[in-house]
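Excluded from the calculations below are hydrogen atoms, water molecules and symmetry mates; all remaining heavy atoms, backbone and side chain alike, are included. Residue numbers begin at 1 in each chain, while the letters A, B, ... track the order of the sequences.
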Amino acid sequence: MSETQDPTRYEPAEAEPAVFDRWESAGIFAGDPEGDPANSFSIAIPPPNVTGALHMGHALNGSIQDVLIRLNRMRGKNVRWTIGTDHAGIATQTKVEQALVDEGTSREQIGREAFVERTQAWRQQYGGTIINQFRRLGVSADYAHERFTMDEGYVRAVQQVFVALYEQGLIYRGTYLVNWDPGSRSAISDLEVEDREVTDTLFEIAYPLSDGSGEVVVATVRPETMLADVAVAVNPADERFAGLIGKSVVLPLVGRELPIIGDDYVKTDFGTGCLKITPGHDPNDFEIGHRHGLETLTCIGEDGRITGGYAPAFEGLSTAEARTAIVEELRAGGSLRAEEDYTHTVPFSHRSGERIEPLLSLQWFMKMEELAQPAIDAVRDGRVRIHPESQSRRYLQWLEEIRPWVLSRQLWWGHQIPVWYRGDETYCGIEPPRGEGWERDPDVLDTWFSSALWPFATLGWPEQTPELRTFYPTSVLSTARDILFLWVARMVMMGLRFPGEIPFGDVYCHSVIQAPDGRRMSKSLGTGIDPLALIDGGPRPAVFAKKKGADAGEFPAYGADAVRFGLLAMSSTQDVRFSEEKIAQGRQLITKLSNAVRFAAGRLEGLDVELPADGSPLAPGAASRLEDRWIVSRTERIARETAARIDEFDFAKAALGLYDFVYGELCDWYLELVKAREAATDPDLGRVLAWALRRTLQIAHPVIPFVTEDAWGRIPGTDGLLAGSRLPAPDDALLDGDAEHDLGRVIELISAVRSWRSTANVPPGPILPARLEADGYDDEARAHAARLARVELVDGAGDAVLVAVPGGQVAILAGEHVDPDAERSRIAKRRAEVEAEIERTAARLGNEKFASRAPAEVVAAEQAKLDGLREELRTL
RNA sequence: GGACGUAUAGCUCAGUUGGUUAGAGCGCUCGCUUCACACGCGAGAGGUCACAAGUUCGAGUCUUGUUACGUCCA
């Protein structure tokens, strides 16, 4: 960062905050709740965790949604983007508990009421962080209607849904295995569990048949749980054990008799093909036990030590000690048949780092089949479309094998379950029960239960608000793939069940942005990047060093636009690796565009460049200039393409297509071509230049909103905010295929001469005399070609170097810089290439089967290519 | 172990239903203080499209197999 400000460089840090303030104070982010539902475009943001800070996934998803929102706002849609945060039960509770511990107290000491108050206060103070970070990114959401999954109306929506599902018999209470964390002595959610790969020992243990006719050998990594075994299972299709189903075995060390059951969960090719069934300590066994009506025993307590009274010798031992002791005893008793290393993934607690102990406890659940079927239908019949399409298969697969959902969490922060108990009585209702002696269920609901209501609860449901009528169903849900089940599927179920309509028409699953080494971006691995460090500048983590092993240094302050562009350009239908180059590419585009506007503004200074009422920059019927017709046509095409790509969620193509247009057409050619003209005496130029820049800024605005808004105000004749401007309807009258073709030839000609110059070592400066020996170039085209190729078109004869161009050749006359003799080797090389290609093409055309079987247009294209090559060969 | 996905330039990625001499950005090389821009302008080098068979007039693209990697599920 230099001390002196270079005025040719756009400074995002200066421009962005001011631009954002202008948008917000103009109130353009708010939709009209009374608008026509048919003209609505709405999005409910996936609510980020209230404890969170913006990470790369949020930044990508925020950029994606903002592109959709801004494009549709400029189309004149009535736009609503609901923003807000999720109360995130465990994460938030953990944060506050940590603070209490630091103060030398605990949640148990201060009590539930004080704890919840304390957490509310914490949220008031810190919960807005991520929302403000979204502002930095340029997110144009409706901040005035920010929602929280525990605000007043939302609590009512959650309770109403719970009570309704309870009354309909879909919510019930039962025993279930939870993820018990022996370290923190509480149940934790799946989200707080991380799978780690460990190497355990797979033990093979013989269980003798009760009738003495032999034995079965089971394989297990957790022999200590055998004390609570209730059965042995084999696959009914497994011929080895076909005769055993229905017989029984004797459990070693304990002596209990266990039935042998058949269940096709058992894999015939894993372990020994016999599985011990311990419903009290393994989720899969629990399912199998349920299917077969087996009882559930437990032999491990909440402290992770052996209990149960099945084998007193091991009681009180930790699971690890018990494992050693049990294996020893089995070995001594001759029951241990084999042991081998076995690498697999097992769950660990994020909080304590201890291995999760599945534990049986009383929980609230929800039956899912009845809710799942309509959600399956909605995707099958296309009312909800999932992009990319491949993800819908995963969605359907999961719903088709859906299992009951455990709703209750042993936490204090969240939606407390609206159920009260008195003796054997149970009451479920929104209002507390009348009478004395009732006690409320202490548990809260899984955070995803309330999140599932997000698309409609944020619009005021269960009240029939104007917002709900206008903006529900929402248009698009954009999210990371990994919560397709946890969240998306549940929103579809709840939307169909309660408001009675799908919650959104399109679901877009965006890429996961990985670290350069292909790992996930993660704070703990040091592979994460704070998007604010890219926007404002900040330390670059070591894995992102430009050269391996070198000091990683700092990110430059790329600004929000560059970060948005880069993330969108990186995004794909699959996971992608983060590339700082794409962010830098965005910064280049921004600088380029800013300078283009600077150039145009200089030309247009003091001119009236109001457009005719129909919006067309070209005077009707007038003989407009080639380059003007060309840029108008090209701009119109890019406008359509970019919008179409955004509509089909191809954000990378939209962003990179913009880059190519701004660099490769607008700046490289149009601005260069018009430099010979003077706006003050050329009314066409003023209009077309202003039009092309304005349209380009409009097209680019959804992707790079700040710089385009800043530039918008610098073009004469624009008023109001770009973000609030209306896109004109597509206009076929602006398309001009002839102009595109004709100027395309001029560009090819100029490029051919430049290329020759460079490879022939002719200095770029001098203007060389040359003859244009080619058809199809009018005076205008000749003038452009001469100026940008730096040649002077003459009629003189003489020795010359020939450069092949569309329609013929340019003969550069021999002179100070041009020596035809020195050209020989270059020409010979090119001739060899052309001859080889002619040979290939002629052979293809001469192939009888090609001529007869290939489509006519392919054959014609080959013939045209051959003709072109033969023409070039003549010039060589 | 199962399912799905991915292998294209030094790096990160495009590449429509098979059809010109496979593209872009970055990096690299050469040239340029061309009056919007050196975060610039012009030109260029660089690819056995992972490997092996097959289908076809024609394969980066389709089929099968192999290898490597990734994600999810168990």
Practice problem: Check side chain to side chain contact (heavy atoms under 4.5 Å, CB included) between A:A480 and all other residues, then give those that pass, not counting sequence neighbours. | Solution: A:D482, A:H510

Quiz prompt | Base versus backbone protein contacts along nucleotides 11-21 of chain B [heavy-atom cut-off under 4.0 Å; B, S, -] | solution = -BSSS---BBB

Quiz item: Residues in salt bridge (charged side-chain N to carboxylate O under 4.0 Å, His left out) with A:D575, at least two apart?
Solution: A:R481

Quiz item: Hey, can you pull the residues of residues 661-669 of chain A with a non-hydrogen atom under 4.0 angstrom from RNA chain B?
Solution: A:Y663, A:C667, A:D668

Quiz prompt | With A:T759 via side chain to side chain contact (heavy atoms under 4.5 Å, CB included) - residues at least two apart | solution = A:R826

Quiz item: Should A:E627 and A:R677 count as an ion pair when the cut-off is N to O under 4.0 Å?
Solution: yes

Self-check item: Qualifying residues under side chain to side chain donor-acceptor pair (under 3.5 Å), relative to A:K276, sequence neighbours excluded
Solution: A:T225, A:D229, A:T278

Self-check item: A:E839: salt bridge (charged side-chain N to carboxylate O under 4.0 Å, His left out) partners, not counting sequence neighbours
Solution: none

Quiz item: Which side-chain hydrogen bond (donor to acceptor under 3.5 Å, both in side chains) pairs, counting each pair once, include a residue from residues 660-669 of chain A, with sequence neighbours left out?
Solution: A:R634-A:E665

Quiz item: What is the distance, rounded to the nearest whole Å, between atom CZ of A:R603 and atom C1' of B:A36?
Solution: 10 Å

Quiz item: Does A:R695 have any side chain to side chain contact (heavy atoms under 4.5 Å, CB included) partners at least two apart in sequence or in another chain, and if so, which?
Solution: A:T635, A:E636, A:A639, A:W691, A:Q698, A:L727, A:P728

Quiz prompt | Under the side chain to side chain contact (heavy atoms under 4.5 Å, CB included) test, residues paired with A:E748 that sit two or more places apart | solution = A:P806

Quiz item: Under the salt bridge (charged side-chain N to carboxylate O under 4.0 Å, His left out) test, which residues partner A:D710, sequence neighbours left out?
Solution: A:R714

Quiz item: Stem ranges for RNA chain B, with three or more consecutive Watson-Crick or G-U pairs under 3.5 Å?
Solution: B:1-7 with B:67-73, B:10-13 with B:23-26, B:28-32 with B:40-44, B:50-54 with B:62-66

